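Okay, so here's the structure we're looking at.
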Amino acid sequence: MNRNPHVAIVGATGAVGQEMIRTLEKRNFPVGRLTLLASARSAGRKLKFRGQEFPVQELNRESFNGVDIALFSAGGDISREFAPLAARAGCVVVDNSSAFRMDDAVPLVIPEINAADVSWHRGIIANPNCTTAITLMALYPLHRAFGVKRIFASSYQAVSGAGARAMEELKRQIGEIVSGRPVTREAFPHQIAFNVLPQVDRFLPNGYTREEMKMENEGRKIMHHPTFRASVTCVRVPVYRSHSVAVSAEFERPVSLEAAREVLQKAPGLDVVDEPENQKYPMPLFTSERDNCQVGRLRKDCALDNGLCFWVSGDQLLKGAALNAVQIAEELLR
Ligand SMILES: NC(=O)c1ccc[n+]([C@@H]2O[C@H](COP(=O)([O-])OP(=O)(O)OC[C@H]3O[C@@H](n4cnc5c(N)ncnc54)[C@H](OP(=O)(O)O)[C@@H]3O)[C@@H](O)[C@H]2O)c1
């Protein structure tokens, strides 16, 4: 791999794409050349990187000539069409969509957990689902120490998880409600302002949504734990940024609060914020725009044997998307 790679961002104008540009800059990634790609709608728009303006180009089949690393975040359909083409043109794709995550020929990577899987890629590496990534940042270290059997979890997912248009929708609806106008709706099936929606993604025949089943499916692949089980309810909340997840986890071995706290304090990419007596616990307002996820509300689960409850919160545009993708790109340069 070129030490100063030519990096392309597909979906550069989107909620994740813009964070990718900022993350490359913030982490001093040794970008040799930068190409920003999006749809025809954005062609010609200029975005800033290291104080310089870069024009957005329309994505086409020739976009990847000479590109070393392509960070994709333009949805599953674009990834399915263009990622194999980019890989054939000789670049390594880090894909944010769900298109290739469960493909046996594609590594699915959270660098703090399974960085070594990067080594067997064949041109495409998948970035995990955002809710799964944030949960595993706390669950995996506990799994290593105590052996997780299963979890029961509920998520509280920010609107930016559904893209730039969804963020606009929350802002617009708040304005409409406050000024007494009728509420308009485009991005979500129901009003999201002053409401919570117990649906993220499409429903499956088993009654769970696709988003909910990602925790078990992707969790098994990332943790190399084929019997891991997860029963999850994913909920969209009127928060701009940062997902939070309430988790009850059952382990093979007995787990004490002290031992769990010690494990979590040493975990990379995670801060323990757990002082209930001082009303200190992780909240999306304070994990937004931060690289590290936060875990708190630690307690022994009163309804499970060898059980632990915790609450984890993290910026899903960063650890759940852009930051994780750039960390994978960093692994490629090691
Ligand atoms: N948001 C999150 O927290 C999050 C987390 C993890 C993974 N992801 C995944 O990341 C992807 C992007 O999500 P997002 O939230 O950033 O969405 P978004 O804000 O809606 O942005 C979508 C991006 O895709 C581009 N695009 C759309 N159609 C295109 C086309 N035909 N050709 C080229 N580019 C096209 C858009 O360009 P225009 O501006 O030109 O339309 C825009 O740059 C999705 O696969 C999503 O599942 C998102």
Side-chain angles (χ1 to χ4, degrees), residues 8-23 35-47 54-64 70-83 85-86 93-101 108-110 124-136 155-170 186-188 200-202 209-211 214-215 218 234 236-237 239-245 284 287-289 293 313-328:
I9 300 181
V10 181
T13 52
V16 174
Q18 300 204 40
E19 282 307 326
M20 281 174 167
I21 300 172
R22 276 193 278 272
T23 303
T35 296
L36 302 181
L37 301 163
S39 78
R41 290 179 291 275
S42 306
R45 213 180 126 184
K46 294 206 169 65
L47 297 173
F54 286 73
V56 177
Q57 301 167 32
E58 182 181 355
L59 172 68
N60 66 51
R61 300 177 76 81
E62 273 71 56
S63 296
F64 302 100
L71 306 177
F72 271 65
S73 68
D77 291 344
I78 296 290
S79 292
R80 267 183 288 275
E81 183 177 350
F82 288 92
L85 210 137
V93 171
V94 181
D95 183 36
N96 258 288
S97 80
S98 58
F100 303 102
R101 288 182 191 146
L108 176 64
V109 176
I110 297 177
I124 302 177
I125 302 167
N127 220 31
N129 165 259
C130 44
T131 306
T132 303
I134 288 161
T135 304
L136 294 191
S155 71
Y156 300 68
Q157 299 187 212
V159 290
S160 53
R165 213 163 59 98
M167 288 174 87
E168 276 309 306
E169 178 134 321
L170 174 57
E186 284 169 20
F188 295 112
V200 180
D201 210 334
R202 289 201 313 270
T209 63
R210 274 170 22 121
E211 181 87 351
K214 285 172 188 171
M215 187 79 81
E218 297 185 22
C234 286
R236 187 76 66 191
V237 296
V239 160
Y240 278 120
R241 197 165 161 150
S242 267
H243 291 354
S244 306
V245 191
T287 52
S288 293
E289 296 182 40
C293 297
S313 180
D315 189 326
Q316 93 293 341
L317 287 171
L318 292 177
K319 190 58 205 169
L323 170 64
N324 199 73
V326 173
Q327 286 177 301
I328 292 173

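Just so it is clear, the structure is predicted and the values come from calculations on it, not from any experiment. Just follow the structure's listing: the first ligand is 1, and inside any ligand the first atom is 1. Numbers for residues simply follow the sequence, beginning at 1.
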Quiz item: Nearest protein heavy atom to atom 10 (O) of ligand 1: under 4.0 Å?
Solution: yes
Self-check item: Which of the ligand 1 atoms, numbered from 1, are nearer than 4.0 Å to a heavy atom of Ser160
Solution: 1 (N), 2 (C), 3 (O)
Quiz item: Which residue holds the protein heavy atom closest to atom 17 (O) of ligand 1, what is that atom called, and what is the gap in Å?
Solution: Gly163 CA, 3.8 Å
Practice problem: Go through ligand 1 atom by atom and flag the ones less than 4.0 Å from a non-hydrogen atom of Ser97. | Solution: 45 (O)
Quiz item: Have Ser155 and Thr131 got a donor and an acceptor in their side chains that come within less than 3.5 Å?
Solution: no
Quiz item: Against heavy atoms of Ala321, which atoms of ligand 1 measure under 4.0 Å?
Solution: 5 (C), 6 (C)
Quiz prompt | Donor-acceptor under 3.5 Å (Glu19 side chain, Ala321 main chain) | solution = no
Quiz prompt | Nearest-0.5 Å distance that lies between atom CG in Asn127 and atom CG in Leu71 | solution = 9.0 Å
Quiz item: Just by distance, with hydrogens left out, do Ser160 and Gln316 show a side-chain donor and acceptor under 3.5 Å apart?
Solution: yes
Quiz item: For ligand 1, which atoms, with element, lie under 4.0 Å from some heavy atom of Ala38?
Solution: 33 (C), 34 (N), 37 (O), 40 (O)
Exercise. Just need the protein heavy atom nearest to atom 48 (C) of ligand 1, so name the residue and atom and give the distance.
Key: Val16 CG2, 3.4 Å
Practice problem: Check each atom of ligand 1 against the heavy atoms of Thr13 and keep those under 4.0 Å away; list them by number with element. | Solution: 36 (C), 37 (O), 38 (P), 39 (O), 40 (O), 42 (C), 43 (O)
Quiz item: With atoms numbered from 1 as shown, which atoms in ligand 1 lie under 4.0 angstrom from a non-hydrogen atom of Gly11?
Solution: 23 (C), 24 (O), 25 (C), 43 (O)
Quiz item: Can you check whether Ile78 has an N/O within less than 3.5 Å of an N/O in ligand 1?
Solution: no
Quiz item: Side chain, backbone, both or neither: which part of Ser98 has a heavy atom under 4.0 Å from ligand 1?
Solution: neither
Quiz item: Are Arg41 and ligand 1 in contact, using a heavy-atom cut-off of under 4.0 Å?
Solution: yes
Quiz prompt | Best match, His243, Gln157, Gln316: closest heavy atom to atom 3 (O) of ligand 1 | solution = Gln316
Quiz prompt | Pick from Gly75, Ala164, Gly320: the one approaching atom 45 (O) of ligand 1 most closely through a non-hydrogen atom | solution = Gly75
Exercise. Mind running side chain to side chain contact (heavy atoms under 4.5 Å, CB included) on Lys319 and Asp315 for me, showing each step along the way?
Key: CA-CA 6 Å; Lys319 190 58 205 169; Asp315 189 326; over 6 Å; no
Practice problem: Please state which part of Leu37 comes within less than 4.0 Å of ligand 1, counting heavy atoms only: side chain, backbone, both or neither. | Solution: neither
Self-check item: Residues forming a salt bridge (Lys or Arg N to Asp or Glu O under 4.0 Å) with Glu62, sequence neighbours excluded
Solution: none
Practice problem: Show which atoms of ligand 1 fall inside a sub-4.0 Å distance from at least one heavy-atom site of Asn96. | Solution: 7 (C), 9 (C), 10 (O)
Practice problem: Using modelled atom types only, decide if a donor and an acceptor are shared between the side chain of Arg202 and the backbone of Thr209 within a distance under 3.5 Å. | Solution: no
Quiz item: Should you measure from each heavy atom of Leu317, which atoms of ligand 1 turn up under 4.0 Å away?
Solution: 1 (N), 2 (C), 3 (O)
Practice problem: Could you grab the distance from atom CG of Asp95 to atom CZ of Arg101, nearest 0.5 Å is fine? | Solution: 8.0 Å
Quiz item: What do you reckon, is CZ of Arg61 surrounded by more than 12 foreign heavy atoms closer than 6.0 Å?
Solution: no
Exercise. Output all residues satisfying ring-ring contact (aromatic ring centres under 6.0 Å, His included) with Phe82, sequence neighbours left out; order by chain, then residue number.
Key: none
